[in-house]
There are 2 protein chains.
Amino acid sequence: MKIELSQKQADAIRYVRNWLMNKGKTPSVRELMTALGYKSPRSAAIIIEELIRKGILKKRSNGDLQLIKDIDADSVHARTVDIPLVGMVTCGVPIFAQENIEGFIPVSVSLAKPGFKYFLLRAKGDSMNQAGIDEGDLILVRQQSVAKNGDIVVALIDNDAIVKEFQHHKNCVVLMPKSNNKKHKPIILTENFQVQGVVVTTIPNLEV
Amino acid sequence: MKIELSQKQADAIRYVRNWLMNKGKTPSVRELMTALGYKSPRSAAIIIEELIRKGILKKRSNGDLQLIKDIDADSVHARTVDIPLVGMVTCGVPIFAQENIEGFIPVSVSLAKPGFKYFLLRAKGDSMNQAGIDEGDLILVRQQSVAKNGDIVVALIDNDAIVKEFQHHKNCVVLMPKSNNKKHKPIILTENFQVQGVVVTTIPNLEV
DNA sequence: TACAAAGTGTATAATAGTGTATAATAAAAG
DNA sequence: CTTTTATTATACACTATTATACACTTTGTA
């Protein structure tokens with residue numbers, strides 16, 4: 001199924017995706033306006049309406065946008081798969097639920113191997129900079145609920161997605177930070193919590 | 001039944017929980033304000049109003065807040081509370097005094113249950129290695145002044161935090177070492193000494 | 001007891017940002 | 001030319017946040 005796109009609409013999609021990758025959220029109407037060279041918010045709003053009508057964008061309940069499908073994926077790059085970018089993790093909701101997914105980013109199949117389930121996460125804070133993960137990086141995570149000692153895992157703690165080193169001891173599990181910054185503490189847990197996945201690789205933030 | 005929470009609201013809940021755990025009361029509007037990074041009490045008040053509306057907080061007759069239901073600790077999302085790490089115990093100073101606390105470490109609420117007061121202690125020496133406590137281990141201690149026979153208790157003797165097995169006899173209390181090292185002797189005390197707490201669990205050799 | 005200081009919850013108005021809608025204008029097409 | 005389309009300037013309603021003020025309680029001190 002081919003979708004007809006105007007030049008401006010294609011630009012808008014690319015812009016939304018880049019904004020999503022670099023800032024972790026979709027742009028506002030006025031931000032899209034200036035990015036596309038318009039001088040009125042109405043112009044950008046019309047582009048958005050069209051893309052929603054074509055099923056590429058969606059409007060969430062809170063008003064934010066959501067990038068449903070990536071238009072490059074089915075046309076140009078055959079050797080990529082669309083991996084969901086998980087934003088704010090909503091309380092009590094599976095990490096792959098619709099409301100957690102900000103959009104889809106094409107990732108090379110040499111990283112995201114067929115047969116496994118992956119998601120992308122945006123790193124915040126510097127608690128993992130010793131492990132090569134800096135603020136704003138995108139983290140490619142393979143979904144699995146088991147981990148072995150030394151794995152860098154993603155876990156949901158206190159309504160936040162935490163990325164730390166997994167250490168299983170006799171009675172408990174400790175999630176260790178890999179920062180040299182003393183302010184980052186380990187987290188001590190019982191065994192009855194769920195690991196969301198293990199980090200495969202990180203994609204450095206292109207911006208800055 | 002799921003409750004939609006914004007990030008700020010989730011932060012607020014965690015903050016209230018920790019405040020409750022460590023200070024025995026809920027924070028004031030302005031304390032929550034600074035904790036959440038706001039600059040106006042109105043902003044924190046709105047968060048509180050929302051959480052009251054969602055049935056998570058409640059306002060008592062005297063105006064204090066009350067944490068009605070913490071989001072149920074299911075297997076996916078682990079909840080934590082910040083437990084003070086007590087370093088060197090200073091002479092004559094209560095164990096929870098500011099000068100004794102090195103920092104706070106998040107511990108799962110399934111280990112540190114709300115309603116009790118806990119602290120973490122670093123084990124030194126090998127007097128408890130038979131009981132699975134080695135040098136450098138972190139010990140999670142529930143604060144209480146009574147103990148029953150067989151409990152591993154923390155007691156302050158001669159300005160030192162001692163971890164030993166509690167045994168109450170007719171006229172005296174004996175603190176038994178559990179080491180196979182002969183140099184560690186039992187300590188015989190009269191009843192007028194203070195038990196600081198009982199050991200809940202130990203975390204092997206955590207470098208913080 | 002009286003007073004002052006600090007901390008409390010609450011309320012108001014102002015600001016900045018948001019999405020959206022209207023009517024006027026400019027460009028393109030018939 | 002007229003008609004249609006795209007774009008503009010502008011306004012409106014809404015939300016989040018801010019600075020600030022007010023009335024009240026507690027607390028220590030003179």
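Within every chain, numbering begins at 1; the chains are lettered A, B, ... in the order of the sequence lines, protein sequences first and strands thereafter.
With respect to A:Asp158 and B:Arg17, a salt bridge is recorded, a charged nitrogen being found less than 4.0 Å from a carboxylate O. B:Arg42 and B:Glu49 are joined by a salt bridge, as a carboxylate oxygen and a charged side-chain nitrogen come within less than 4.0 angstrom of each other. B:Asp151 and B:Lys148 are joined by a salt bridge, as a carboxylate oxygen and a charged side-chain nitrogen come within less than 4.0 angstrom of each other. Checked for salt-bridge contact, B:Arg14 and B:Asp11 meet the test: a charged N lies under 4.0 Å from a carboxylate O.
The side chain of B:Arg42 has D:dT18 as its nearest neighbour among D:dT18, D:dT10, D:dT20. Nearest to the side-chain atoms of A:Tyr38 among the listed nucleotides C:dG19, C:dA21, D:dT7 stands D:dT7. The side chain of A:Ile46 sits closest to D:dT7 out of D:dT7, D:dT20, C:dT20. Side-chain proximity of A:Ser28 to C:dT20, D:dT20, C:dG19: nearest is C:dG19. Comparing atom distances between the A:Lys39 side chain and each of D:dT8, C:dT10, C:dT20 picks out D:dT8 as nearest.
Across the protein-nucleic acid pair, A:Leu32 atom CG and C:dT18 atom C1' stand 14 Å apart, rounded to whole Å. Here C:dG19 presents its C1' atom at 10 Å from CD of A:Glu49, a figure rounded to the nearest Å. In this structure, CD1 of A:Ile47 is placed 15 Å from P of C:dG19, rounded to the nearest angstrom. Residue B:Gln9 contributes atom CD, which lies 13 Å from atom C1' of D:dA16 at whole-angstrom precision. Computed from coordinates, the A:Arg60 CZ to D:dT15 C1' distance equals 18 Å when rounded to whole Å. Atom C1' of nucleotide C:dT8 and atom NZ of B:Lys25 are separated by 11 Å, given to the nearest angstrom. One interatomic measurement links the two molecules: CG of B:Leu57 to P of C:dG9, which rounds to 13 Å at whole-angstrom precision. Remark: P of C:dT20 and CE of A:Met33 are 15 Å apart, rounded to the nearest angstrom.
A donor N or O paired with an acceptor N or O is not found under 3.5 Å between the base of D:dA16 and the side-chain atoms of B:Ser43. At a cut-off of 3.5 angstrom, the base of C:dG7 holds no donor-acceptor pair with the side chain of B:Arg30.
Looking at A:Lys164 and A:Ile187, their side chains come closer than 4.5 Å, going by heavy atoms from C-beta outward.
Remark on DNA chain C: of its neighbouring residues A:Glu31 and A:Ser40, the 5'-side contact belongs to A:Glu31, judged by nearest-heavy-atom nucleotide.
A:Lys59 has no side-chain polar atom (N or O) that falls below the 4.0 Å cut-off from OP1 or OP2 of C:dT18.
Within the nucleic acid shown, A:Lys8 has no heavy atom closer than 4.0 Å to any nucleic acid atom.
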